[in-house]
Amino acid sequence: MTQRTIHWFRKGLRLHDNPALLAACENASHLYPVFFLDPHFVKGDNYRVGVNRWRFLLECLRDLDCGLRKLNSRLYVVKGRPQDMLPLLFREWCVTRLTFEVDTEPFARHRDREVEGVAAAHGVEVVTRVSHTLFDVEKTIAKNGGSPPLTYQGFQKLLSKLGLPARPVDTLCKAHLQDCETPVADDHEDRYGVPSLADLGKEETECGPRLYPGGETEAVERMERHLKKTNWICKFEKPQTSPNSLEPSTTVLSPYLKFGCLSARTFYYRLLDVYRLNKVHTQPPVSLHGQLLWREFFYTAALGTSNFDRMKDNPVCVQVQWDSNPQYLAAWKQGRTGYPFIDAIMTQLRQEGWIHHLARHSVACFLTRGDLWLSWEEGQKVFEEYLLDADWSINAGNWMWLSASAFFHQYFRVYSPVAFGKKTDKNGDYIK
DNA sequence: CCTAATGTTGACAGC
DNA sequence: CGCTGTCAACATTAG
């Protein structure tokens, strides 16, 4: 028991199925769970995070802190870039090991390379584990000869060679920490407490209704609630769910999967249990397993494609002369297009932070190839700001899909901004 | 080199 | 209500 370990939470804001966190406890004399509030996200000029998203993240952190308290530990929330702050913590706590979950996004990869350099300079061992995705995305791409599949069928064929995802690991519990100290200072709350929205300079009053509280506790409860509906699980077909029902017609587990409050592997295996008991069930791409595979599909495509979040220098993206029209863009963003279905969706997005997948299709098609002929990159930024589940790879991938820039090319299949909504809401209740 | 088939979930008329 | 063909003809890939 000689290792003095920092476990760095980034995504993966959970105690269940968190292999890097378990690795942090192995042979550890001391464990310090840390989250950095990176000014890149707090103040970022070219990176907008809406207030609903901030609230969701802070709730995730509070829930994580709560879970750690039950294990006689606390979450250390540190303000500053990890590259700058880790050396101070390494010295203060005499750290010998740093653990964290693998993150495949370009921003994270660049940051983590710098952090590895910082750790090496301080003689700190770095231990990483894959648990955000079902598979090790780098290995998936390697298995396909170095480039990612660009069709879902191709992706499924590739996955069939990989077998099942790795099973989830044990939830962190007191047994993992029995010989490990989890120091908490008297002034912990002041120095390292989870901040409030006001602490971050955000206005609580700007938040919408709290329909989807953040955190692992809420994530697991939400999953369990849906898993009980075995018939619903087995018959689930995404295209048959409604984009404009008054209550969500799908699980709304996406915000929790994005932050890693819920492990994709845990959800995958819990679904598999239900499927095995019922024998007859829907299949990918439309099934719930299929939805997790879509997530994996876009994570894989994003890691294997340069400049995945823009048109320029993106090898999979069709080059289009999009218009530039700030008035149209503002009207779309603010729900003032004059098309009630489109405007209702954009209003729900800004107020509630979640809209149905097909509602995203509708407004994305409208903004790009369908009606306004504006760049999908503009839409991507708006979703990034407002969606609680805004997930870099999936957001970029779906915007290219809907604008017929990549993956999907039948640009003449256009969603009607009037007729499409009518199919599932004849009275216009959603709009009203 | 060419052709034909293929691609998660369009709208609409007509049967 | 559910199915089929048409609309017009994309990018990509298998053969």
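Letters A, B, ... mirror the listed sequences (proteins, then strands); counts begin at 1.
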Legend entry - Plane angle bin for A:Phe420 and A:Tyr415 - parallel if under 30°, tilted between 30 and 60°, otherwise perpendicular: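 Ring orientation, 0 to 90° scale: perpendicular.
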
Inset, instruction - Please state whether the rings of A:Trp401 and A:Phe408 are parallel, tilted or perpendicular, taking 30° and 60° as the class boundaries. - result: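 Ring orientation of A:Trp401 relative to A:Phe408: parallel.
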
Legend entry - Cation-aromatic face contact A:Arg295/A:Tyr299, 6.0 Å, 45 degrees: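 Because its charged atom sits under 6.0 Å from the ring centre and within 45° of the axis, A:Arg295 does stack over A:Tyr299.
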
Legend entry - Face-on cation placement of A:Arg10 at A:Trp8 ring, 6.0 Å and 45° thresholds: yes

Inset, instruction - Run the salt-bridge test on A:Glu224 and A:Arg270 with the 4.0 Å N-O cut-off and return the result as yes or no. - result: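 Yes.
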
Legend entry - A:Lys312 bridged to A:Glu377 by N-O distance under 4.0 Å: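 Salt bridge: no.
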
Please report the distance, rounded to the nearest Å, between [atom1] in [X] and [atom2] in [N].
X: A:Leu358; N: B:dT8; atom1: CG; atom2: C1'; result: 10 Å
X: A:Phe407; N: C:dT13; atom1: CZ; atom2: C1'; result: 16 Å
X: A:Arg360; N: B:dG10; atom1: CZ; atom2: P; result: 18 Å
X: A:Phe408; N: B:dG7; atom1: CZ; atom2: P; result: 13 Å
X: A:Tyr152; N: C:dT13; atom1: OH; atom2: C1'; result: 21 Å
X: A:Leu402; N: C:dA11; atom1: CG; atom2: P; result: 18 Å
X: A:Lys157; N: C:dA14; atom1: NZ; atom2: C1'; result: 10 Å
X: A:Phe366; N: B:dG10; atom1: CZ; atom2: C1'; result: 16 Å

Legend entry - Over all atoms of both residues, closest heavy-atom pair of A:Pro255 and A:Phe56: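 Heavy atoms of A:Pro255 and A:Phe56 come nearest at CB-CZ, 3.6 Å.
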
Legend entry - Nearest non-hydrogen partners of A:Glu101 and A:Ser131, listed with the distance: OE2-OG, 2.6 Å

Legend entry - Donor-acceptor pair under 3.5 Å, A:Trp401 side chain vs B:dT8 base: no

Just compare [options] and give me whichever is closest to any side-chain atom of [X].
X: A:Arg413; options: B:dC12, B:dT8, B:dG10; value: B:dG10
X: A:Ser416; options: B:dT8, B:dA11, C:dC10; value: B:dA11
X: A:His409; options: B:dT8, B:dA11, C:dT12; value: C:dT12
X: A:His357; options: C:dC10, B:dT8, B:dG10; value: B:dT8
X: A:Tyr411; options: B:dT8, C:dA9, B:dA11; value: C:dA9
X: A:Tyr415; options: B:dA11, C:dC10, B:dT8; value: B:dA11

Inset, instruction - Please determine if a side-chain N or O atom of A:Gln153 lies less than 4.0 Å away from the OP1 or OP2 oxygen of B:dG7. - result: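 So the side chain of A:Gln153 is within the cut-off, an N or O lying under 4.0 Å from OP1 or OP2 of B:dG7.
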
Inset, instruction - Look at A:Lys423 and B:dA11 and indicate whether a side-chain polar atom (N or O) is within less than 4.0 Å of OP1 or OP2. - result: yes

Legend entry - Spacing of the P atoms in C:dA8 and B:dT8 (rounded, Å): 25 Å

Inset, instruction - For nucleotides C:dA9 and B:dT6, find the distance between their C1' atoms and express it as a whole number of Å. - result: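 After rounding to an integer number of Å, I get 14 Å for this pair.
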
Inset, instruction - Answer with base, sugar-phosphate or nothing: what part of the nucleic acid does A:Phe420 contact at a heavy-atom distance below 4.0 Å? - result: sugar-phosphate

Inset, instruction - Check every strand shown and say whether A:Ala419 touches a base, only sugar-phosphate, or nothing at a heavy-atom separation below 4.0 Å. - result: sugar-phosphate

Legend entry - 5'-to-3' dot-bracket of DNA chain B (Watson-Crick, G-U; under 3.5 angstrom; crossing pairs as [ ]; | other strand): .||||||..||||||

